[in-house]
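Computed from heavy atoms alone, side chains included, the values below leave out hydrogens, waters and symmetry copies. Letters go in sequence order (proteins before strands), and every chain restarts at 1.
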Amino acid sequence: MTETLTKIVVDCSTGEQTIVPLTAEEIAQREVDAAAYATAEAEREAAAEALATLKASAKAKLIAGEPLTAEEADTLVI
Amino acid sequence: MTMELISTVTVGAGGAASIDFTSIPQTYTDLLLQISLRSNGSGSYAEEPLFIQFNAAGYNSSWRLLNGNGTATYSSTGTNAEAGAVTNSVGTSNTFSSTQIYIPNYAGATNKSWSSDSVSETNSAGAGQTGQKLTAALWSSTAAITSITIDALSTNNFVQYSTASLYGIQKGSGGATVS
């Protein structure tokens, strides 16, 4: 049996709290929003990984006395 | 300045996918939402995002987030009203995230800025395992805020003993003037 998703609704004017099932539309929207979040999170992680790679390369080149690319230099110079 | 509890919620044994504060009184200056959450979500990470909606208008706040964990920091932006982190089932057992959301001038007729200070809790360092998130956001609506909804991710639930408390902040009338 599929568990029914519910929300707690608090009426701040009376203090009454009720438990209400989510509608199919609400559930569908949550899944769309979750997919959008997953996409954005993957992009963030990829960007962070790319930056870390550039920084490591820039550092190695500095130590070896080799020229940096403009992208590598951007990670070190503010 | 005075701070008054408007309403508080504690999630019961059945869990809750959302907590919705409605009919918020319009008599305060600012609002403060204090939240302690854990979800039944799972996956690679010990935390997942907390989402916030105003007036059931969807996730349409633009924000910038500063995140720090045990090994790194990063900054990111978005428009889906991420308001902080929720410790999930991957995190240390019986451990809940802690989030404070401040909404100044919520009843006014200008766009609504809000800020969040959130920390997920787990006994592990590294990306996605635990972190502190500072968020600065803007809900681009001139409508007064009459309801606030906090949502778990996707079809996940906030588990039992998760809590959310809404406070009204009233500006004071006294205080010294420094010249």
Side-chain angles (χ1 to χ4, degrees), chain A residues 1-60 62-63 71-78, chain B residues 5-12 14-26 28 31 40-41 43-45 48-49 51 53 56 58-59 65 67 71-82 127-128 146-158 162-166 168:
Chain A
M1 186 177 73
T2 303
E3 183 181 333
T4 301
L5 288 176
T6 60
K7 60 182 176 181
I8 300 174
V9 180
V10 184
D11 185 330
C12 295
S13 63
T14 63
E16 181 182 3
Q17 298 188 14
T18 54
I19 297 175
V20 178
L22 296 186
T23 65
E25 290 76 18
E26 286 175 318
I27 294 172
Q29 185 61 52
R30 290 168 70 100
E31 290 174 341
V32 167
D33 294 331
Y37 166 77
T39 299
E41 191 68 10
E43 290 173 358
R44 262 185 268 179
E45 288 181 7
E49 194 172 322
L51 179 62
T53 300
L54 268 179
K55 280 187 169 181
S57 175
K59 183 177 178 181
L62 268 180
I63 293 171
E71 274 185 321
E72 289 166 338
D74 281 341
T75 67
L76 303 176
V77 179
I78 298 175
Chain B
L5 177 66
I6 298 173
S7 285
T8 189
V9 172
T10 299
V11 176
S18 295
I19 297 174
D20 193 2
F21 292 95
T22 65
S23 300
I24 296 173
Q26 300 295 293
Y28 299 100
L31 293 176
N40 62 356
S44 303
Y45 298 149
E48 56 192 53
F51 296 108
Q53 295 185 57
Y59 303 146
L65 161 73
N67 185 320
T71 58
T73 61
Y74 70 83
S75 173
S76 60
T77 62
T79 57
N80 63 345
E82 271 184 61
T146 58
S147 73
I148 299 173
T149 304
I150 55 173
D151 291 312
L153 177 67
S154 185
T155 54
N156 297 339
N157 270 337
F158 299 134
S162 293
T163 62
S165 299
L166 182 65

J.: Look at B:P49, B:G14, B:G12 and state which one has the largest set of heavy-atom pairs under 4.5 Å with chain A.
T.: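 Of the options given, most contacts go to B:P49.
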J.: Side chain from CB out, backbone as N, CA, C, O: work out which of these in B:F158 comes under 4.5 Å of a heavy atom of chain A, or both, or neither.
T.: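 Nothing of B:F158, per the 4.5 Å heavy-atom cut-off to chain A.
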J.: What are the sub-3.5 Å donor-acceptor pairs between chain A and chain B, distances to 0.1 Å?
T.:
residue : atom : partner : partner atom : Å
A:E3    : OE2  : B:N157  : ND2          : 3.3
A:T6    : O    : B:A17   : N            : 2.7
A:I8    : N    : B:S18   : O            : 3.0
A:I8    : O    : B:D20   : N            : 2.8
A:V10   : N    : B:D20   : O            : 2.7
A:V10   : O    : B:T22   : N            : 2.8
A:V10   : O    : B:T22   : OG1          : 3.0
A:C12   : N    : B:T22   : O            : 2.8
A:Q17   : NE2  : B:T8    : O            : 2.9
A:R30   : NE   : B:S154  : O            : 2.7
A:R30   : NH1  : B:A17   : O            : 3.4
A:R30   : NH1  : B:S18   : OG           : 2.8
A:R30   : NH1  : B:D151  : OD1          : 3.2
A:R30   : NH2  : B:A17   : O            : 3.0
A:R30   : NH2  : B:A152  : O            : 3.0
A:R30   : NH2  : B:S154  : O            : 3.1
A:R44   : NH1  : B:S76   : OG           : 3.4
A:R44   : NH2  : B:E82   : OE2          : 2.8
A:E45   : OE1  : B:Y45   : OH           : 3.3
A:E45   : OE2  : B:Y45   : OH           : 2.3

J.: Tell me, yes or no, whether the heavy-atom count around A:I19 atom CD1, taken from other residues, nucleotides or ligands under 6.0 Å, exceeds 12.
T.: no
J.: What part of B:A164 gets within 4.5 angstrom of chain A, counting heavy atoms only: side chain, backbone, both, or neither?
T.: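 Neither part.
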